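Quick notes on the structure that follows.
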Amino acid sequence: MGNDKARKNPEDLRSHRWYGVQDMRSFGHRSRTAQMGYHRSDYAGKPVISIINTWSDINPCHSHFKQRVEEVKRGVWQAGGFPVEMPAISLSEPFQKPTTMLYRNLLAMEAEELLRSYPADGAVLMGGCDKTTPALIMGAISMNLPAIFVPAGPMLRGNWNGVTLGSGSDTWKYWADLRAGKITQSDWQGVEDGIARSAGHCMTMGTASTMTSAAEALGLTLPGAASIPASDSRHGQMAALSGRRIVDMVWEDLKPGDILTSRSFDNAVTTVLSLSGSTNAIVHLIAMARRVGVDLTIDRFDELARRVPVLANMRPSGKYLMEDFYYAGGLRALLVKLGDLIDGGELTVNGRTLGENIAGAEVFNDDVIRARDKPLVERDGLAVLRGNLAPDGAVIKPPAAETRLHRHTGRAVVFATYNDMAKRIDDPALDIDETCVIVLQNAGPHGAPGMPEWGQLPIPKKLLEKGVRDMVRISDARMSGTSYGACVLHVTPEAAVGGPLALVRDGDMIELDVPARKLNMLISDAELASRKAAWVPPPAKFERGYGLLYLKHVSQADKGCDFDFLETPSDRAPTPEPEIH
Ligand code: FES
């Protein structure tokens, strides 16, 4: 598959309407560009490249973007384009409350409208910290201008007293050890100081590494881009090359709509599964697909999971970190190992196919990137569950859970809200043991709101002290990709809109059967109906502003949590751009 459109002429550029015509408005555009020190020869007849930069003083994952944006600009200049940096809201995972997920769609809207309202001919999207990747891509898809994604790259391995530390995963691990009295406060501070020691996003196979890898598999980055550590000099080279490439993409009129198909989304899902990537990818990839009119469903994840092996031996499911993955050959090598599970015929941003881009990539450490006949997990990296507790689906990441819990029936211990759980979970009087099922309600898109990463529900301190490290936990929340455990997530419909999760009570027996893909509460339909009739919705969390817009329009997890008015139905072409005056 290729892109056989005729090359554009300068008068065909969108920016021509701002810079190329002779009227009073274009006089203003040119004189104000001159005000910034540019001569007309800097931009005349050249593609204007919008660099959407999610750098912020409060986003440590993007702290190198001040430097990287200069490298992108260098590439744009070299290729004969005119680079224009456009900062956008930085969704900083460690700092933004209640969750960056509440704002993913806001960044998507901002990216789309920046491109629409300014003289952009093409876009370089700079993101990487969890939600920034799907958000920027969702906006770029909807605007459908030529766009290339520059992934932030993972940070270096963490280190504490010679122990390698992984983002997130080791936070959970050592926090549990601290609560169980196994490490000291001073140890804990050592972990704090050493776990994040360079620029870049989380270096476990968390949401960031999962989504940047998915972006590469979709064909939206240069080959190999997603695996390069942020502080590696090759990352700067990749940024400059992306700047060069976008200029040609504009002349070639190569747009996301030409690249993204149901097959490229299958490639992205397959990639995520082979990485044992974050469950968050389900929500984000569905939202991205629905922007381009591809009807990707949660069931497609389950179908593909039944045949895709986990080949990346990466934390939290495996042993290694992104730095190791890069040295072992990176994503290109992993895609080669997937063989016929990947459709190599799909077009990518460099104008070549995915198959051409990965040809010849080698594995340099076959413990990090496994062969198909020596996988980390043979299949079922993700599983979609259904039943009377989740009629529209729920998800679990079986490799991250203790195997004995894949089939488990236990007594529910229910928390109505996160605060309720925080208050009572460590109460020595709480009636709970390791066979129970911990249930958290009202943590979904409407409930929390924003569907935060609360899904790795804490194990009560008294059970931790007994050595319990995993239990079945169920919620309508998401879970950080760096988390682990027998956590059933994304229960849909969520409790706050009256889903069955809202009807679970202390003492109900809950049955989880991952091999059979079942999640049920063992109570009668009549009892469920009577509880539903008595259910009272929780009070709305927002009465004005962005929060109200969010509550009115956000979809459920199985539909990607996008706003309904931003999706592109598969039977309708994207809305044409309004005429520019
Ligand atoms: Fe930014 Fe994990 S905090 S990717």
Side-chain angles (χ1 to χ4, degrees), residues 1-3 133-134 137-138 140-141 149 205 207 209-221 223 225-226 255-312 331-350 352-359 361 372 375 377-384 393 395 397 481 490 517 557-560 562 567-570:
M1 186 176 162
N3 177 43
T133 301
I137 293 175
M138 286 159 71
I141 289 173
F149 184 70
M205 190 44 70
T207 305
S209 305
T210 304
M211 290 311 301
T212 55
S213 300
E216 181 170 334
L218 281 168
L220 298 176
T221 73
K255 300 187 282 213
D258 303 314
I259 292 170
L260 300 173
T261 66
S262 59
R263 291 177 302 282
S264 58
F265 276 99
D266 273 359
N267 282 342
V269 175
T270 300
T271 300
V272 167
L273 292 166
S274 71
L275 293 168
S276 191
S278 163
T279 44
N280 286 325
I282 301 175
V283 177
H284 297 320
L285 283 171
I286 288 174
M288 289 156 68
R290 292 169 74 92
R291 288 292 184 110
V292 79
V294 169
D295 188 19
L296 179 64
T297 64
I298 53 171
D299 298 310
R300 187 63 180 152
F301 284 80
D302 196 81
E303 276 166 37
L304 291 173
R306 287 171 192 264
R307 63 172 192 256
V308 175
V310 176
L311 299 185
L331 189 68
R332 289 175 66 244
L334 177 119
L335 294 178
V336 166
K337 288 290 161 199
L338 285 171
D340 61 359
L341 295 173
I342 288 289
D343 186 335
E346 291 301 292
L347 186 62
T348 74
V349 285
N350 69 355
R352 293 195 278 271
T353 64
L354 187 63
E356 289 168 333
N357 286 342
I358 64 176
R372 287 258 299 262
V377 179
E378 262 176 43
R379 39 173 275 173
D380 296 342
L382 282 175
V384 174
V395 303
K397 192 171 172 183
H490 308 193
R517 303 297 198 259
D558 64 321
K559 301 287 188 294
D562 201 0
E567 293 179 356
T568 300
S570 50

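Owing to the predicted nature of the structure, the values given are computational and were not obtained by experimental measurement.
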Side chain to side chain contact (heavy atoms under 4.5 Å, CB included), that's the test. Do F149 and V349 meet it? Break it down for me. CA-CA 9 Å; F149 184 70; V349 285; over 6 Å; no

Under the side chain to side chain contact (heavy atoms under 4.5 Å, CB included) rule, what do R372 and D340 come out as? Steps first, then yes or no, please. CA-CA 11 Å; R372 287 258 299 262; D340 61 359; 3.3 Å; yes

[Y] backbone acceptor or donor facing [X] side chain under 3.5 Å:
{"X": "N267", "Y": "A217", "value": "no"}
{"X": "T210", "Y": "S278", "value": "yes"}
{"X": "E346", "Y": "R263", "value": "no"}

Q) Passes side chain to side chain contact (heavy atoms under 4.5 Å, CB included), L260 versus L220? Steps please. A) CA-CA 9 Å; L260 300 173; L220 298 176; 4.2 Å; yes

Partners passing side-chain hydrogen bond (donor to acceptor under 3.5 Å, both in side chains) against N357 (at least two apart in sequence or in another chain) |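 Scan of N357 (side-chain hydrogen bond (donor to acceptor under 3.5 Å, both in side chains), adjacent residues dropped) gives T348, N350.
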
Residues passing the side-chain hydrogen bond (donor to acceptor under 3.5 Å, both in side chains) test with E378, sequence neighbours excluded, are none

Restricting to non-hydrogen atoms, name the atom on [X] and the atom on [Y] that form the minimum distance, rounded to 0.1 Å.
{"X": "D258", "Y": "L347", "answer": "O-CD2, 4.0 Å"}
{"X": "A281", "Y": "V272", "answer": "CB-CG1, 3.8 Å"}
{"X": "L311", "Y": "K337", "answer": "CD1-CB, 3.8 Å"}
{"X": "P223", "Y": "E216", "answer": "C-OE2, 3.8 Å"}
{"X": "A268", "Y": "L285", "answer": "CB-CD2, 4.0 Å"}
{"X": "M205", "Y": "S276", "answer": "CG-O, 4.1 Å"}

### Task
Before giving the answer on side chain to side chain contact (heavy atoms under 4.5 Å, CB included), spell out for R300 and D266 the whole-Å C-alpha distance, their side-chain angles and the decisive distance to 0.1 Å.
CA-CA 8 Å; R300 187 63 180 152; D266 273 359; 2.6 Å; yes

Sub-4.5 Å side-chain heavy-atom contact between T279 and L382:
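Yes, close enough: below the 4.5 Å cut-off.
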
Would a 4.5 Å heavy-atom cut-off, applied to side chains only, mark P309 and L341 as touching? yes

Measuring from [X]:[atom1] to [Y]:[atom2], what's the distance to the nearest 0.5 Å?
{"X": "L331", "Y": "S274", "atom1": "CG", "atom2": "OG", "value": "7.5 Å"}
{"X": "H284", "Y": "T207", "atom1": "NE2", "atom2": "OG1", "value": "6.0 Å"}
{"X": "I298", "Y": "E303", "atom1": "CD1", "atom2": "CD", "value": "11.5 Å"}
{"X": "L338", "Y": "D343", "atom1": "CG", "atom2": "CG", "value": "12.5 Å"}
{"X": "M288", "Y": "M138", "atom1": "CE", "atom2": "CE", "value": "8.5 Å"}
{"X": "S213", "Y": "L218", "atom1": "OG", "atom2": "CG", "value": "11.0 Å"}

- Between R290 and D562, is there a salt bridge with N-O shorter than 4.0 Å?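 Result for this pair is no, no salt bridge flagged.
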
Decide, yes or no, whether a salt bridge links D299 with R517 under the criterion of side-chain N to carboxylate O below 4.0 Å. no

From the list L275, I342, L335, side-chain contact (heavy atoms from CB on, under 4.5 Å) partner of T270 resolves to I342

Residues 268-280 vs salt bridge (charged side-chain N to carboxylate O under 4.0 Å, His left out), sequence neighbours excluded, gives none

